[in-house]
Amino acid sequence: MAAPTSCPGFNTPKSRCPTCLKQGVTSRWCSKECFADNSHDPYPKKAYTGTLRASFPASVRSVPSDIQQRQVPAHIPKPDYAESGQSKTEMAARNFAPACLDAKGIEGMREVCRLAREVLDLAASHIKPGITTIELDEIVHNACIERGAYPSPLNYMLFPRSVCTSVNEVICHGIPDLRPLEKEDIINLDVTLYHNGFHGDINGTYPVDEAHTPPDSLRLIRTARECLDEAIAICKPGVPYSQLGKVIEGIANREGMGTNRRYCGHGINQLFHCTPNVPHYAANKAPYVMKPGEDLITFTIEPMITLGDHRDKHWPDNWTAVTRDGSHSAQFEETLLITEDGVEVLTAKPGWKLGDGWRNTSQKAPEASGSGSQNGA
């Protein structure tokens with residue numbers, strides 16, 4: 001049954017109507033009953049491990065193939081996978097050593113990472129009970145376009161949206177949908193921009209309403225940020241990439257938490273994902289050692305920390321990775337550059353210092369600016 005073109009209770013909005021989304025109308029659901037009548041869950045119950053459920057318009061029967069992707073203006077430069085969904089340059093570089101960047105390349109990475117921070121902070125400022133992840137996707141998409149950038153996730157390996165939104169037990173790669181966020185939820189926003197030939201990658205996890213967030217979920221968020229910061233703290237010339245996982249897993253174990261082993265940090269530059277791989281667990285066999293000077297490379301660290309089982313399974317969309325036991329997961333990510341005497345965090349907020357994200361008890365998102373752009377302060 002098709003969704004109605006408008007809801008009779010649109011003056012009391014709670015979440016967006018799928019037909020209105022398609023037509024560009026900003027009316028929303030008036031009630032939970034209205035929402036239930038005009039959205040559906042395309043997956044069988046056995047697909048789920050926790051309480052989260054997918055919610056898509058009635059027209060979407062197969063995810064992600066039935067999802068209509070947002071459009072990017074023709075004047076914005078696009079990565080090689082924008083049309084086909086496959087990056088031939090990434091596949092060709094898969095077995096090669098990390099690519100080194102010259103001074104122009106480093107400046108390109110600094111610029112795109114600054115923009116990625118702006119977009120993440122802007123999107124995070126809109127997190128609140130009742131907003132849907134598809135609305136957050138729209139905010140991210142439009143913010144990328146305003147900055148002359150392509151949203152890197154869009155059609156990468158056929159991913160159908162412009163941002164990954166991972167709620168509660170979702171470890172990573174959640175597909176934005178119609179489910180309104182609830183006050184007890186936590187959500188990760190994973191933002192990547194492609195600008196002037198370079199990708200900048202960053203993500204963060206936030207409580208939807210901190211006053212109602214379970215204490216263990218807040219502790220999880222703080223621990224995930226600590227894992228990232230303490231891994232960044234050891235980055236300098238001569239350190240093997242394999243050592244980062246030892247730091248991360250040590251902190252997670254101290255808190256009785258797990259660290260996912262399937263997904264890892266990665267090299268990033270003109271390619272979205274490339275060598276080196278950066279595992280987030282101890283006793284890994286990652287090759288390569290951090291180097292400065294003529295061997296400048298940029299990479300991410302992005303530990304995915306779980307309250308329970310670190311192992312994952314996937315929803316039928318083959319993107320949404322969830323914890324096997326349904327426990328919550330949290331993640332933070334920064335893009336980094338090794339310098340002569342340490343590390344430069346390319347995606348850092350201005351004035352940010354190591355430890356700022358976990359020594360403070362509050363994980364509240366920035367206040368909304370009320371406009372389409374916001375500085376990364």
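Remember, it's a predicted structure, so these values are computed and weren't measured experimentally. Both backbone and side-chain heavy atoms feed into the values below; hydrogens, waters and symmetry mates do not.
- Checked against F272 for a ring-ring contact (aromatic ring centres under 6.0 Å, His included), the options Y156, F159, Y150 give a single hit: Y156.
- Remark: side-chain polar atoms of D177 are not paired, donor with acceptor, to backbone N or O of I134 under 3.5 angstrom.
- Using a 4.0 Å cut-off between charged side-chain N and carboxylate O, R311 and D309 make a salt bridge.
- The shortest distance between side-chain heavy atoms of V72 and P151 falls below 4.5 Å.
- Put simply, OG1 on T300 and NE2 on H199 are 12.5 Å apart, with the number rounded to the nearest 0.5 Å.
- Contact record, S166 with G174: OG-N, 3.3 Å, taken as the closest heavy-atom pair.
- Side-chain contact check for V63 versus Y43: some heavy-atom pair is nearer than 4.5 Å.
- Contact between N269 and C274 at its shortest, heavy atoms only, is ND2-SG, 3.6 Å.
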Do L101 and F198 pass the side chain to side chain contact (heavy atoms under 4.5 Å, CB included) test, and can you show the C-alpha distance, the side-chain angles, and the key distance before you say yes or no?
CA-CA 11 Å; L101 297 173; F198 296 93; 4.1 Å; yes
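- Salt-bridge annotation for E226 and R222: absent, with no side-chain N of the basic residue lying under 4.0 Å from a carboxylate O of the acidic one.
- In this structure, A123 and I139 approach most closely via the heavy-atom pair CA-CG2, 4.1 Å.
- Contact check on K128 versus E135 returns no salt bridge, with no Lys/Arg side-chain nitrogen under 4.0 Å from an Asp/Glu carboxylate oxygen.
- Linking ILVMFWY residues whenever their side-chain heavy atoms come closer than 4.5 Å, directly or via other members, leaves Y81 and L158 in distinct clusters.
- Checking side-chain atoms of T339 against main-chain N and O of E344 turns up no donor-acceptor pair under 3.5 Å.
- The line from NE2 of H328 to CG of L52 is 8.5 Å long, rounded to the nearest 0.5 Å.
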Let's go through V343 and I232 carefully: what are the C-alpha distance in whole Å and the side-chain angles of both, what is the deciding distance for side chain to side chain contact (heavy atoms under 4.5 Å, CB included) to 0.1 Å, and is it a yes or a no?
CA-CA 8 Å; V343 62; I232 293 173; 4.0 Å; yes
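- Tracing side-chain contacts under 4.5 Å through hydrophobic residues (I, L, V, M, F, W, Y), one never reaches I301 starting from L271; they form parts of separate clusters.
- The shortest non-hydrogen separation linking H314 to A321 is NE2-CB, 3.7 Å.
- Comment: E169 does not engage K313 in a salt bridge, judged by the lack of any side-chain N to carboxylate O separation of less than 4.0 angstrom.
- Contact of the L181 side chain with the L136 side chain is registered, since non-hydrogen atoms from C-beta on lie closer than 4.5 Å.
- By the salt bridge (Lys or Arg N to Asp or Glu O under 4.0 Å) test, D66 is found to be paired with no residue, residues two or more places apart in sequence or in another chain being considered.
- Looking at D41, its side chain never comes within 3.5 Å of a backbone N or O of S55 through a donor-acceptor pair.
- In this structure, T347 contributes its side chain and C113 its backbone to no donor-acceptor pair below 3.5 Å.
- Taken from OG in S217 to CD in E210, the straight-line distance is 11.5 Å, to the nearest 0.5 Å.
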Quick one, E118 with R114, criterion salt bridge (Lys or Arg N to Asp or Glu O under 4.0 Å). Give me CA distance, side-chain angles, the key distance, then yes/no.
CA-CA 6 Å; E118 286 183 7; R114 180 184 65 81; 2.7 Å; yes
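- Side-chain atoms of P42 and P316, non-hydrogen and from C-beta on, never get closer than 4.5 Å to each other.
- Without hydrogens or angle criteria, R179 side chain to P176 main chain gives no donor-acceptor distance under 3.5 Å.
- The main-chain N or O of V322 is never found under 3.5 Å from a side-chain atom of D312 such that the two would form a donor-acceptor pair.
- Using modelled atom types and a 3.5 Å distance limit, the side chains of E302 and H266 yield a donor-acceptor pair.
- Between S87 and D80, the side chains place a donor N or O and an acceptor N or O closer than 3.5 Å (distance only, hydrogens not considered).
- Ion pairing between a basic and an acidic side chain is recognised when a charged N comes within 4.0 Å of a carboxylate O; E107 and R110 show such pairing.
- I171 and L220 fall into different hydrophobic clusters, where Ile, Leu, Val, Met, Phe, Trp and Tyr side chains are chained together by heavy-atom contacts under 4.5 Å.
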Could you go step by step and tell me if K349 and E334 meet the salt bridge (Lys or Arg N to Asp or Glu O under 4.0 Å) rule?
CA-CA 10 Å; K349 291 185 181 182; E334 305 279 5; over 6 Å; no
Let's go through L189 and N203 carefully: what are the C-alpha distance in whole Å and the side-chain angles of both, what is the deciding distance for side chain to side chain contact (heavy atoms under 4.5 Å, CB included) to 0.1 Å, and is it a yes or a no?
CA-CA 5 Å; L189 300 178; N203 76 54; 5.9 Å; no
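- If you take CD on Q71 and CG on L154, they are separated by 8.5 Å, rounding to the nearest 0.5 Å.
- The hydrophobic clustering, which links ILVMFWY residues whose side-chain heavy atoms are closer than 4.5 Å, places Y288 and I234 together.
- In this structure a side-chain-to-backbone donor-acceptor pair under 3.5 Å is present from K78 to I76.
- Judged by distance alone, with hydrogens and angles left aside, the side-chain atoms of N188 form no donor-acceptor pair with the main-chain N or O of A330 at under 3.5 Å.
- For T49 (side chain) and D325 (main-chain N/O), no donor-acceptor pair under 3.5 Å exists by modelled atom type.
- For the pair C227/H280, no side-chain contact is recorded, criterion being any heavy-atom separation below 4.5 Å from C-beta on.
- To the nearest 0.5 Å, the span separating CG on D190 from CG on D201 amounts to 5.5 Å.
- With hydrogens and angles ignored, the 3.5 Å screen pairs no side-chain donor or acceptor of Y194 with any backbone N or O of P77.
- The heavy-atom pair separating S329 from V170 by the smallest distance is CB-O, 4.0 Å.
- Residues N168 and E184 have side chains not in contact (no heavy-atom distance under 4.5 Å, counting atoms from C-beta outward).
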Test side chain to side chain contact (heavy atoms under 4.5 Å, CB included) applied to I221 and F332, step by step
CA-CA 9 Å; I221 292 173; F332 287 88; 3.8 Å; yes
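- Atom-to-atom distance recorded for T133:OG1 and L178:CG is 7.5 Å, nearest 0.5 angstrom.
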Passes salt bridge (Lys or Arg N to Asp or Glu O under 4.0 Å), E111 versus R147? Steps please.
CA-CA 11 Å; E111 175 66 6; R147 289 159 175 79; over 6 Å; no
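- Using a 4.5 Å cut-off between side-chain heavy atoms of Ile, Leu, Val, Met, Phe, Trp and Tyr, with links allowed through other members, V167 and M304 fall into different hydrophobic clusters.
- In terms of heavy atoms, C100 sits closest to I297 at CA-CG2, 4.1 Å.
- Test H141, R70, E138 against S162 for side chain to side chain donor-acceptor pair (under 3.5 Å) and you get one pass: H141.
- The shortest distance between side-chain heavy atoms of Y241 and T275 does not fall below 4.5 Å.
- With contacts defined as side-chain heavy-atom distances shorter than 4.5 Å, the pair Y263/Q331 does not qualify.
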